[in-house]
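Only one structure is covered here, and it is reproduced in the block below.
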Amino acid sequence: ESESMESSRSRKRTRQELDSAGDPPPEREVVARGGASPPWRDDDRDGHYVFDLGENLTRRYKILSKMGEGTFGRVLECWDRETREYVAIKVVRSIRKYRDAAMIEIDVLNRLAENERYRSLCVQIQRWFDYRNHICIVSLIFFCSVKQVLHVDFKCQLLHSPPIAH
């Protein structure tokens, strides 16, 4: 009997237990002013962060909509309570290779932002943070994606190109 007590005390803590260690009890989170984080949920089977619209992504950001999804994660439209502006937050999947790639992306975006010549050519990173094992990259919202721009540009090229002789 003492062996089973010993093994239960020395077992490793789960990621959920580590993430919630030191957090206020759930009763306090519900009544917390402004933006309490939602209760812990497991990620989906692909490592994407699971959320409901209207929830908070940290106390600072309120999730308004899902703007898109890709290989690395999802992009959420959020309200930034601190700056009082709409932002896009790329929430990277909680898989090590995507987290590592996100850190490289952050480094590249920061270096590009330091260079005057490239500053206007790409997304401007506002900040980044790690939330529940997801790297989150915050930027201002652009109203069309690179994919949409390429699609429109391709259509324009087709419309304005000389006819093809057969």
Side-chain angles (χ1 to χ4, degrees), residues 12-116 118-152:
K12 291 184 178 179
R13 295 192 328 174
T14 66
R15 188 174 70 186
Q16 179 179 358
E17 290 170 327
L18 290 171
D19 185 60
S20 61
D23 287 350
E27 310 84 64
R28 283 195 56 210
E29 281 194 353
V30 172
V31 296
R33 196 182 89 221
S37 290
W40 177 272
R41 290 189 196 100
D42 288 332
D43 296 335
D44 72 10
R45 62 182 172 81
D46 296 321
H48 289 287
Y49 177 69
V50 176
F51 65 93
D52 286 327
L53 297 182
E55 283 185 342
N56 297 304
L57 189 67
T58 76
R59 294 181 184 270
R60 182 170 178 169
Y61 303 102
K62 181 178 181 176
I63 301 170
L64 302 176
S65 69
K66 177 178 153 186
M67 298 177 74
E69 186 169 325
T71 304
F72 282 69
R74 296 179 173 146
V75 178
L76 305 177
E77 177 187 20
C78 296
W79 175 250
D80 184 336
R81 288 183 174 90
E82 192 173 299
T83 63
R84 306 195 56 77
E85 61 189 355
Y86 294 98
V87 294
I89 302 180
K90 180 178 185 178
V91 182
V92 177
R93 292 166 54 185
S94 63
I95 296 172
R96 183 171 185 91
K97 67 179 179 179
Y98 296 116
R99 288 176 51 83
D100 291 346
M103 295 310 295
I104 294 168
E105 178 180 355
I106 289 165
D107 185 50
V108 168
L109 289 172
N110 282 331
R111 288 175 190 234
L112 288 172
E114 291 169 3
N115 188 321
E116 191 78 32
Y118 300 112
R119 193 171 297 146
S120 64
L121 298 176
C122 65
V123 171
Q124 295 288 308
I125 184 172
Q126 302 295 303
R127 66 197 63 78
W128 72 272
F129 57 95
D130 194 342
Y131 181 71
R132 297 184 178 182
N133 203 35
H134 296 270
I135 301 296
C136 299
I137 303 171
V138 181
S139 64
L140 296 178
I141 291 181
F142 293 95
F143 291 99
C144 60
S145 67
V146 173
K147 183 178 176 182
Q148 290 168 321
V149 170
L150 292 174
H151 183 69
V152 169

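In this chain, numbering begins with 1 at the start of the sequence shown.
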**Report entry** Residues forming a side-chain contact (heavy atoms from CB on, under 4.5 Å) with Glu82, sequence neighbours excluded
**Finding:** Arg60, Asp80
Report task. Would you please name every residue forming a side-chain hydrogen bond (donor to acceptor under 3.5 Å, both in side chains) with Asp52, sequence neighbours left out? Result -> Arg41
Query raised in the report: Roughly how far, to the nearest 0.5 Å, is the OH atom of Tyr49 from the CD1 atom of Ile63?
Result: 5.5 Å
Report summary line: Hits for side-chain contact (heavy atoms from CB on, under 4.5 Å) against Asn110, two or more places apart or cross-chain, chain-then-number order -> Ile106, Ile125
Query raised in the report: Sequence neighbours excluded, which residues qualify as side-chain contact (heavy atoms from CB on, under 4.5 Å) partners of Thr71?
Result: Tyr98
Report summary line: Nearest heavy-atom contact between Leu53 and Leu64 is CD2-O, 3.7 Å
Requested in this report: Under the salt bridge (charged side-chain N to carboxylate O under 4.0 Å, His left out) rule, collect the residues that match up with Asp100, sequence neighbours excluded.
Outcome: Arg96
Report summary line: In short, Ala88 meets Ile141 closest at the heavy-atom pair N-CG1, 3.5 Å
Query raised in the report: Are Trp128 and Lys90 side-chain neighbours, meaning at least one heavy-atom pair lies under 4.5 Å?
Result: no
**Report entry** Within the 6.0 Å centroid threshold, strictly below: Tyr61 and Tyr131
**Finding:** no
Query - Minimum heavy-atom distance Ser94-Asn133, with the two atoms named - result: CB-O, 3.3 Å
Query raised in the report: When the ring centroid of Trp79 is compared with that of Tyr86, is the distance short of 6.0 Å?
Result: yes
Report summary line: side chain to side chain contact (heavy atoms under 4.5 Å, CB included) test vs Lys62 passes for just one of Leu57, Leu76, Asn56, namely Asn56
Requested in this report: Could you tell me whether the side chain of Glu105 reaches within less than 4.5 Å of the side chain of Val92, counting heavy atoms only?
Outcome: no
Query raised in the report: Given side chains that start at C-beta, do those of Asp107 and Arg111 come closer than 4.5 Å, heavy atoms only?
Result: yes
**Report entry** Distance in Å, Gln126 CD paired with Leu109 CG, rounded so as to fall on 0.5 Å steps
**Finding:** 11.0 Å
Query - Distance in Å, Glu85 CD paired with Leu140 CG, rounded so as to fall on 0.5 Å steps - result: 5.5 Å
Report summary line: Sorted by chain and residue number, the side-chain contact (heavy atoms from CB on, under 4.5 Å) partners of Arg74 (sequence neighbours excluded) come out as Asp44, His48, Phe51, Lys66, Glu69
Query raised in the report: Got a sec, which residues hit salt bridge (charged side-chain N to carboxylate O under 4.0 Å, His left out) with Glu77, two or more places apart in sequence or on another chain?
Result: none
**Report entry** Arg99 and Asp130: CA distance, side-chain angles, deciding distance, salt bridge (Lys or Arg N to Asp or Glu O under 4.0 Å) verdict
**Finding:** CA-CA 10 Å; Arg99 288 176 51 83; Asp130 194 342; 2.9 Å; yes
Query - Partners meeting salt bridge (charged side-chain N to carboxylate O under 4.0 Å, His left out) with Arg84 (sequence neighbours left out) - result: none
Query raised in the report: If every non-hydrogen atom of Thr83 is compared with every non-hydrogen atom of Arg127, which pair is closest and at what distance?
Result: CG2-NH2, 4.1 Å
